[in-house]
Structure formats: C-alpha cells, structure tokens
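Numbering of ligands and ligand atoms starts at 1, following listing order. The figures that follow rest on heavy atoms only: side chains count, while hydrogens, waters and symmetry mates do not.
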Amino acid sequence: MASSFVSLLLPLLSFAGAQEQLPNCDPSAGKFSDNSTYQSNLELLLSTLSSDGYATGFLNTSVGGGSDQVFGLVNCRGDINATECRSCLDTATAEVTRNCPNYRAAELWYDVCLVLISDKPLPISSSNRQPLAFNSMNNAPEPNRFAWLLRMLMNRTADAAANSSKRFAIGEANYYTAEFPSIYVLMHCRHDLSHEQCRECLGTLFVPMPPLFVGKQGGRILGESCGMRFELYSFFQGSPTVNISVPSPSAMQLASAATSSGEIDLSVIGQCQEPINGLALTLLCCKIT
Ligand SMILES: *[C@@H]1O[C@H](CO)[C@@H](O)[C@H](O)[C@H]1NC(C)=O
Ligand SMILES: *[C@@H]1O[C@H](CO)[C@@H](O)[C@H](O)[C@H]1NC(C)=O
Ligand SMILES: *[C@@H]1O[C@H](CO)[C@@H](O)[C@H](O)[C@H]1NC(C)=O
Ligand SMILES: *[C@@H]1O[C@H](CO)[C@@H](O)[C@H](O)[C@H]1NC(C)=O
Ligand SMILES: *[C@@H]1O[C@H](CO)[C@@H](O)[C@H](O)[C@H]1NC(C)=O
Ligand SMILES: *[C@@H]1O[C@H](CO)[C@@H](O)[C@H](O)[C@H]1NC(C)=O
C-alpha cells in the first residue's frame, strides 16, 4: 500500500495556506479541444460547483449528456464555515482551468476543500485512489513512545471523525515531552461517505503507518475520500474533541515516588493499564491526591 503514496519531501510549513493547491491532472481521460461542447459544459459545471457548493459544503452534479457530459464534485472540510468554503471553492474551480488546461479529468486538493472533475460519474469510494503524502523533515523525540501515542490518538480520532455529522475530528494527546507537550491529529472524510466508509477510509491512512511518517514530527495525507494531518503544534481552529492523557515515563516515576510517600492511590494507575490498551475515552491515569 505504501508504494501508492507519492512522497514529496516538502517542509510542511511551506504548505500551509488554502491558496496552495495540488493539481492532479488525469492524462488517462484525454483532452478536449478549444471551443468544444465539453469545454462549455465544463465551464458551466465549474461555475455551478462554486456558486452552489459552499452552502452545504458538498455538491455532486453534472452538465451535458452523452460523450460531452462532465461530472463534478466539491467538498469542504467539516470544520470550515461557508465563507471560507466559498473562498476555497472559488479558487479551486478557477485553478482547474489554469492548472489542467483542456484535461477532461482533474482533481485539485487544498487543505480545506477539493474539486473533482471527470468525464465519468464519480463513485463514492471508501479509499483514496492516489493519495498525496507529505512529511515533516524533523524527527520526533522518544520515537517508540511517539509511535504508540500517535497510533492510539489516530485510532480514537478516526472513530470520532467517522461518528461526527461533519465527518471531522481533532484529537490531542497530552504529556508527550517537556519540549512538545502535545501531539495533535486532524482527520476528515468527504461529507457523502457513510460512518462505516469514513472509518474504513481513515483506517487506511495509518494502518499500517506509511513509512514516510515513521519517526517524523508531522505528516499529512490528502485524498479524494479522506485525509489527515498530525503535528506537534496546533494547526487548526477550534478545540480538540478527543483528548488522551497518558503520563510519560517520568510522570510515572514521579507518581510512584509519590506513592511510596503515600500521596497517590496506586490503584488509579493500575486501573488505567486496561483502558490504555483498550483505548477507552479520556484517560487520566495519574491522580495525585
Ligand atoms: C475559440 O473561440 C475563440 C473566440 O470565439 C477564438 O478566438 C478562437 O480562435 C477559437 N479557438 C479555436 C481552436 O477554434
Ligand atoms: C469564517 O471562518 C474564518 C476563518 O476562521 C473567520 O475569519 C471568519 O470570521 C468566519 N466567518 C463567519 C461568518 O463566521
Ligand atoms: C454522484 O451522483 C451520482 C448520480 O447523480 C451517483 O451515481 C454517484 O454515486 C454520486 N457520487 C457521489 C460521490 O456522491
Ligand atoms: C483501535 O482501537 C480498537 C478498539 O478500541 C482496537 O481493537 C484496534 O486494534 C485499534 N487499532 C489500532 C490500529 O490501534
Ligand atoms: C459512534 O457511534 C456509535 C453509534 O452511534 C456509538 O455506539 C459509538 O460509541 C460511537 N463511537 C465514538 C468513538 O464516539
Ligand atoms: C481537550 O483539551 C483541550 C485543551 O487542553 C480543551 O480545550 C478541550 O476542551 C478538551 N476537550 C475535551 C473533549 O475534553
């Protein structure tokens, strides 16, 4: 599966704005000629997608018929408002023509929206066909603990995103290191995926973890069905809805020192071992009394 990732070793900070897009022009569908019916259908479709797509954040429609029918789909990430959605869709639909001139099929992905154009109906799919993956250049400290926390956080955030009506969730794992107190994960699916399809799609993003991400401080995957991003800093608006608090080994040492002096109830820590492995809801394992 990992071989299907196009890995571009870009520093993430250089790819931060909604204005930067990733065009994916599809040469297999061929090209249309200037002034063709396909072109005028495409122009009408693009203007419909940007004018009608932002209110609900999702639109799947087509213009024309026969071999000149053009199919299009737009989606905005669940956390962004209609104003921001409209601005992203305006840019995205304009860029289809600029980035993929005369292509019959194209996909443009931005951080907060996407636009798909095709000469065939766009099916709902619970996996990304050609996801793009980026990683941070920097290595994460305590790589084993990082991998463990990240996988648990992604697993929980994927559940929450699939369950939410906006197909979107942010997760935070606390107590990572003194330098980097938290790990943040954002996961999202296209609005038209069912709960099950969304969870399945998100699972493909981190099980197994793409080799590109192993040991790195950050990473992101963009795709036409689902996507995610993780960082050691906050990069989203709003608050996390999934919080995981697993004390670091040094916090555990402090806790056991406190225990021997009678200041902590060890059973609290003991009880937490099971929920940690079973990935229960918010874990607060060190309750110093
Ligand atoms: C397309 O139409 C424009 C304006 O009508 C014209 O200037 C241009 O030459 C046409 N291009 C082709 C390839 O026919
Ligand atoms: C929409 O979101 C943007 C970015 O967070 C914010 O600046 C803007 O004020 C919001 N607009 C409305 C109408 O809520
Ligand atoms: C888009 O709509 C068509 C029918 O109009 C449907 O067959 C297709 O599954 C829909 N695709 C998505 C991604 O919703
Ligand atoms: C995700 O959590 C579930 C239970 O909450 C567990 O069965 C599953 O193995 C976990 N998956 C990963 C990849 O950690
Ligand atoms: C997701 O929703 C189902 C049914 O509505 C519920 O049983 C489950 O506990 C929810 N999971 C999470 C992680 O919220
Ligand atoms: C998670 O933690 C953040 C910051 O620590 C807080 O703003 C947010 O309300 C918490 N969310 C939940 C669901 O506990």
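Nearest to atom 13 (C) of ligand 2 among the protein's heavy atoms is Thr83 OG1, 3.7 Å. Looking at atom 5 (O) of ligand 2, its nearest protein heavy atom turns out to be Gln237 OE1, 3.1 Å. What sits closest to atom 4 (C) of ligand 2 on the protein, heavy atoms only, is Glu84 OE1, 3.6 Å. The closest protein non-hydrogen atom to atom 12 (C) of ligand 2 is Asn81 ND2, 3.2 Å. In terms of protein heavy-atom proximity, atom 6 (C) of ligand 1 is closest to Asn35 ND2, 4.2 Å.
Within the 4.0 Å cut-off (strictly below), no protein heavy atom is located near atom 9 (O) of ligand 2.
Salt-bridge formation is detected for the pair Asp159/Arg199: a Lys NZ or Arg NE/NH1/NH2 atom is positioned less than 4.0 Å from an Asp or Glu carboxylate oxygen. Ionic pairing of Asp111 and Arg220 is present here: one or more N-O contacts between side-chain nitrogen and carboxylate oxygen are shorter than 4.0 angstrom.
With a heavy-atom cut-off of 4.0 Å, Arg156 does not touch ligand 4 at all.
With ligand atoms numbered from 1 in the order given, ligand 1 contributes 13 (C) to contacts under 4.0 Å with heavy atoms of Asp34. Ligand-side atoms of ligand 4 in range of Val207: 13 (C), range being under 4.0 angstrom from any heavy atom.
Using modelled atom types, one finds no donor on one side chain facing an acceptor on the other under 3.5 Å when comparing Lys216 with Asn138.
The structure places CE of Met154 at 5.0 Å from CE of Met187, a figure rounded to the nearest 0.5 Å.
Taking the six-membered ring where the residue is Trp, the centroids of Phe213 and Phe206 are separated by 6.0 Å or more.
A distance below 2.5 Å between sulfur gamma atoms is met by Cys88 and Cys113.
The cationic atom of Arg145 (NZ for Lys, CZ for Arg) does not lie both less than 6.0 Å from the six-membered ring centre of Tyr176 and within 45° of the ring axis.
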